[in-house]
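The structure under discussion appears below in the form of structure tokens.
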Amino acid sequence: MIILGIESSCDETAAAVVEDGKFILSSVVSSQVDVHHKYGGVVPELASRMHIESIIPVVSDAIKSADITINKIDGVAATRGPGLIGALLVGFSFAKSFAWSRGIPLTGVNHLEGHIYSVLLSDVPPEFPFVILLASGGHTNIYYVTSYNKFELMGQTRDDAAGEAFDKVAKMLGLGYPGGAVIERLALQGDTSVITFPKSYLEKDSFDFSFSGIKSAVARYIHEHGGSRLSDVAGNDSLRSGCGCNKNIAADIAAAFQESVIDVLAQKLINAALNKGVKHIAVAGGVAANSALKRKLLSYIHSSDFGGSSSGKSGAPNRIKDLKLHLPPISLCGDNAAMIAARGYQMIKDENLCYLEDDVFSRIRI
Ligand code: KG4
Ligand code: ZN
């Protein structure tokens, strides 16, 4: 079964053609990052307009790159939420008209379930049951996944999402938007031992997250160490004009901030896996592209130094060392339509379909 996937929940217009929920024939992503960059974040109205401009060329490109004709498409899957309403409407309405005009089934995919499916598209997918951390610009959730259709929410952020924290700290440092990849690059030049930012574990055995404290701690540190214009988005000329502190300090801030965030993410994911007794763990969403997070997880799995933190469970080194880490290919960490097509394939098989009268949702839980 060949599925056309469409994703337009935020600032990427994406289309993909996927066969049998597994084989990616094409995946096209048109990013609006250049448009939103100068505003320091996504402007919803601009996002909707850009989706309208891009949707037809992106879908045509995906069909052409898959080297198929339009009548080979057996079903359409489009993101139905959560996301920006205007943005979602563009992709979902296009998908409705495409499916209706071709007389083929349509399904509406939960964007978060799509991210979970991005890991199932990797070369070595996790086996069920597994525990997955979904960390993006809008969400930081841990799910226990027992089958293609069963996702149990174990924990979530109580304030900022992990990716959002990266974006906000990047903005404070004058590095522009989005911030994750830039912070990761800058952190390579910094020293994690110079500054210590707080790590929030919340209550013992909680799988929830909180990143607002570290964000404020970074703001305070910048203030106290020469930064005056905290939210200025500087030209790339020099970091000095962005946050007011010199480049070495900025690199140390980036390194210490990243270290605090990824350590909490890694520990909570491993604790959740131990709690459920699974062997397979995974990370998905934009933050899954962070190689320091991958290294941190692998270091906990391969060394015996897990358990020293307030929420770390000691006494389980053998179970930790048996954990297998799975990550999506880099191209599927951020928003894409291949993951939507993969999830949609299962939904269409289950006859979980949408019709012309169905609407999109800005907020929906799995
Ligand atoms: O999944 P995604 O593309 O879109 C959402 O659904 O939000 O995630 C985007 C988020 C942004 O906040 C971005 O800063 C973050 O993922 N991100 C990263 C990295 N690459 C992207 N965060 C940390 N390290 C990275 N290398
Ligand atoms: Zn996403």
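Quick caveat: nothing in here was measured; it's all calculated off a predicted structure. What's counted below: heavy atoms across the whole structure, side chains too, no hydrogens, waters or symmetry copies. One-based numbering, in listed order, for ligands and for the atoms of each.
- In this structure, of Leu112, Val42, Asp167, the residue bringing a heavy atom nearest to atom 11 (C) of ligand 1 is Asp167.
- When the Zn ion (ligand 2) is compared with the N/O/S atoms of Asp335, atom OD1 turns out nearest.
- Shown here is Lys199, whose NZ atom has more than 12 heavy atoms of other residues, nucleotides or ligands within 6.0 Å.
- In summary, His115 places an N/O/S atom under 2.8 Å from the Zn ion (ligand 2), meeting the contact criterion.
- The protein atom (non-hydrogen) at minimum distance from atom 25 (C) of ligand 1 is Gly180 C, 3.6 Å.
- With ligand atoms numbered from 1 in the order given, ligand 1 contributes 6 (O) to contacts under 4.0 Å with heavy atoms of His111.
- Heavy-atom proximity to Gly137, at under 4.0 Å, picks out these atoms of ligand 1: 5 (C), 7 (O), 8 (O), 9 (C), 10 (C), 12 (O).
- Of the polar atoms of Gly163, at least one N or O is found under 3.5 Å from an N or O of ligand 1, judged by distance alone.
- At the top of the distance list for atom 21 (C) of ligand 1, counting protein heavy atoms only, stands Gly286 O, 3.5 Å.
- At a 4.0 Å heavy-atom cut-off, ligand 1 touches His115 through the side chain alone.
- Scanning the protein for heavy atoms near atom 26 (N) of ligand 1, the closest one is Glu184 OE1, 2.8 Å.
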Please step through side chain to side chain contact (heavy atoms under 4.5 Å, CB included) for the pair Ile70 and Arg102, ending with a clear verdict.
CA-CA 9 Å; Ile70 216 165; Arg102 308 283 322 153; 3.7 Å; yes

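- Atoms of ligand 1 found under 4.0 Å from any heavy atom of Gly179 (numbered from 1 in listed order, with element): 14 (O).
- Close approach to Gly138 involves these atoms of ligand 1, each under 4.0 Å from a residue heavy atom: 7 (O).
- Which parts of ligand 1 touch Asp335 is read off a 4.0 Å heavy-atom cut-off, strictly below it: atoms 1 (O), 2 (P), 3 (O), 4 (O), 5 (C), 6 (O).
- By the 30° and 60° cut-offs, the orientation of the rings of Phe128 relative to Tyr148 is perpendicular.
- Between Asp74 and Tyr345, the side chains place no donor N or O within less than 3.5 Å of an acceptor N or O (distance only, hydrogens not considered).
- Not a single heavy atom of Cys10 lies less than 4.0 angstrom from ligand 1.
- Atoms of ligand 1 lying under 4.0 Å from any heavy atom of Val287, numbered from 1 in the order shown and given with element: 16 (O), 18 (C), 22 (N).
- Ring geometry for Phe209 versus Phe211: interplanar angle under 30°, hence parallel rather than tilted (30 to 60°).
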### Task
Assess whether ring-ring contact (aromatic ring centres under 6.0 Å, His included) is satisfied between Phe166 and Phe257, documenting all intermediate values.
CA-CA 8 Å; Phe166 271 90; Phe257 160 77; 5.1 Å; yes

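- Within 6.0 Å of CG in Asp67 there are 12 or fewer heavy atoms belonging to other residues, nucleotides or ligands.
- Taking backbone and side-chain atoms together, His111 has an N/O/S atom less than 2.8 Å away from the Zn ion (ligand 2).
- Nearest approach of Glu7 to Ser9, heavy atoms of both residues: OE2-OG, 2.6 Å.
- Ion pairing of Arg158 with Glu203 is present here, as a side-chain N (NZ or NE/NH1/NH2) and a carboxylate O approach within less than 4.0 Å.
- Residue-level proximity to ligand 1 for Asn290 is carried by backbone and side chain together, each with a heavy atom below 4.0 angstrom.
- Salt bridge Arg49/Glu45: present, at least one basic N to carboxylate O contact under 4.0 Å.
- Side chain to side chain, Asp191 and Ser193 meet the donor-acceptor criterion of an N or O pair below 3.5 Å.
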